[in-house]
Amino acid sequence: MAYRIDGADFKEILTREFKTGSLCGSVNASPGKRTIFNYDIDHQSSGGLDLLHFKASFEDDVYVDKFSDQTHVSIHFQLTGKSDASIKGITGQHPLTTGQHNLYFCEEPQSNFHFPRQSRYEYLAFIVRKEHLLRLLSLAAGHSAEDLARQMEDGKPLSLYPRGLSYNLRAGHILADVLNNDMPEDLRGLFLNGKLLELISVMIDTSRGCGQRQYSKADYERFSELRHYLDQHFLDSHSLAALSRKFAINEFKLKSGFKANYHCTVFEYISNCRLHYALTLLKSSSMNINQIAWEIGYQNAGSFIQSFKKKFGITPKQYQKRVC
């Protein structure tokens with residue numbers, strides 16, 4: 001059974017007029033009736049930049065009609081689940097599934113959304129006012145920033161990628177930095193704006209290669225499924241042969257396609273997942289350096305410390321002193 005909600009009602013839930021804070025709740029078919037979806041929202045606001053972290057579970061298919069918004073740029077990361085959207089002025093449908101992202105711009109957009117029934121749905125979005133991003137882009141040198149600014153100044157709707165694209169390792173690192181940031185409040189705006197510019201530069205660079213090598217839609221889906229699987233099983237032992245069998249794709253295409261999409265090999269991706277997990281353990285567990293090294297697959301602490309420093313620029317012990 002499908003449920004429809006008016007865009008104005010959904011906006012009241014989603015934006016809360018850009019006020020910073022957390023919010024959770026549920027939407028029912030009518031007072032006292034069954035729940036249609038539950039949601040949990042974290043909203044950070046800093047001048048012309050808003051960060052929206054939205055989690056939900058949908059008990060039925062939910063359609064949002066005529067969601068109107070103010071002019072802005074949206075960079076959308078689909079962390080878990082899937083959705084579909086049509087945006088007035090931007091051609092075609094714009095579905096996103098787990099591990100995909102895109103950048104959209106439209107003057108006073110009006111959108112329709114479809115959220116299929118699903119138990120876990122989560123996204124992170126940078127919502128940037130047009131004037132704010134134009135000011136930031138004016139500080140950047142190069143024709144790519146100028147081209148993006150010109151399109152926005154002309155009011156031309158745009159979708160940076162023709163369709164949702166799996167985000168690569170560089171974009172994933174920026175995303176992890178944003179999700180795990182513990183900056184003091186007086187520095188958070190500076191931090192987020194820096195990450196915003198870093199993210200846009202990576203996305204523009206990625207967009208240049210969108211047409212360089214073509215894979216089928218099924219291939220892209222398998223690459224995305226593989227990446228999501230590794231996100232959940234990065235502590236397991238893996239081989240290309242076993243992954244090739246599991247995802248029904250030959251080893252050569254798995255290696256070349258994964259690297260083309262994520263700018264790293266499968267094993268580099270696994271290593272980076274493990275090192276980011278080490279950050280969490282260093283920050284919130286009572287494990288010592290040797291135990292953490294063993295937990296994430298290193299045979300000795302020396303190799304772990306060397307890899308950690310190469311990745312993050314400091315030793316595990318130095319990081320621990322900063323955050324604890």
If you take the centroid of each ring, where Trp contributes its six-membered ring, are [Y] and [X] closer together than 6.0 Å?
X      : Y      : answer
Phe312 : His276 : yes
Tyr3   : Tyr63  : no
Tyr104 : His76  : no
Tyr123 : Phe54  : yes
Tyr121 : Phe115 : yes

Is there a donor-acceptor pair under 3.5 Å between the side chain of [X] and the backbone N or O of [Y]?
X      : Y      : answer
Glu107 : Lys156 : no
Ser224 : Thr98  : yes
Gln232 : Tyr229 : no
Asp9   : Ile5   : no
Asn168 : Arg170 : yes
Asn181 : Val178 : yes
Arg129 : Thr71  : no
Asp61  : Arg117 : yes
Asp205 : Ser201 : no
Asn102 : Tyr161 : yes

Nearest heavy-atom pair of [X] and [Y]: which atoms, and what distance?
X      : Y      : answer
Ser286 : Gln291 : O-OE1, 4.4 Å
Arg274 : Gly297 : NH1-CA, 4.2 Å
Ile296 : Leu235 : CA-CD2, 3.8 Å
Pro157 : Gly89  : CB-O, 3.5 Å

**Contacts of Asp177 that satisfy salt bridge (Lys or Arg N to Asp or Glu O under 4.0 Å) - sequence neighbours left out** =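 Listed in chain order: Lys195.
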Would you list the atom pairs, donor with acceptor, under 3.5 Å between side chains in residues 239-248 and any protein atom, with sequence neighbours excluded?
| unit_1 | atom_1 | unit_2 | atom_2 | d |
| --- | --- | --- | --- | --- |
| Ser239 | OG | Ala242 | N | 3.1 |
| Ser244 | OG | Ile249 | O | 2.4 |

**Request:** Return the orientation label for the Phe58 and Phe37 ring planes: parallel under 30°, perpendicular over 60°, tilted otherwise.
**Result:**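 Rings of Phe58 and Phe37: tilted, 30 to 60°.
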**Request:** On the 0 to 90° scale, with breaks at 30° and 60°, tag the Tyr220-Phe223 ring pair as parallel, tilted or perpendicular.
**Result:**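 Tyr220 and Phe223: perpendicular rings.
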**Prompt:** Salt bridge check: are Asp182 and Lys283 linked by an N-O gap of less than 4.0 Å?
**Reply:** yes
**Request:** Take Leu281 and Glu295, measure what side chain to side chain contact (heavy atoms under 4.5 Å, CB included) needs, and give me the verdict at the end.
**Result:** CA-CA 10 Å; Leu281 295 177; Glu295 173 70 13; 4.0 Å; yes
**Item:** Listed partners of Glu122 passing side chain to side chain donor-acceptor pair (under 3.5 Å), at least two apart
**Value:** His53
**side chain to side chain contact (heavy atoms under 4.5 Å, CB included) between Thr315 and Phe308, worked out** = CA-CA 6 Å; Thr315 67; Phe308 190 96; 5.6 Å; no
**Message:** Heavy-atom count check: over 12 atoms from other residues, nucleotides or ligands less than 6.0 Å from Lys82 NZ?
**Reply:** no
**Item:** Working for side chain to side chain contact (heavy atoms under 4.5 Å, CB included), residues Met287 and Ile292
**Value:** CA-CA 6 Å; Met287 299 170 69; Ile292 292 174; 3.7 Å; yes
**Message:** Please evaluate residues Arg322 and Ile314 with respect to the criterion side chain to side chain contact (heavy atoms under 4.5 Å, CB included), reporting the C-alpha separation (whole Å), side-chain torsions for both, the decisive distance (0.1 Å), and the verdict.
**Reply:** CA-CA 10 Å; Arg322 284 188 185 182; Ile314 57 175; 3.8 Å; yes
**Asked** Looking just at side-chain N and O atoms, do Asn112 and Lys66 make a donor-acceptor pair shorter than 3.5 Å?
**Response** no
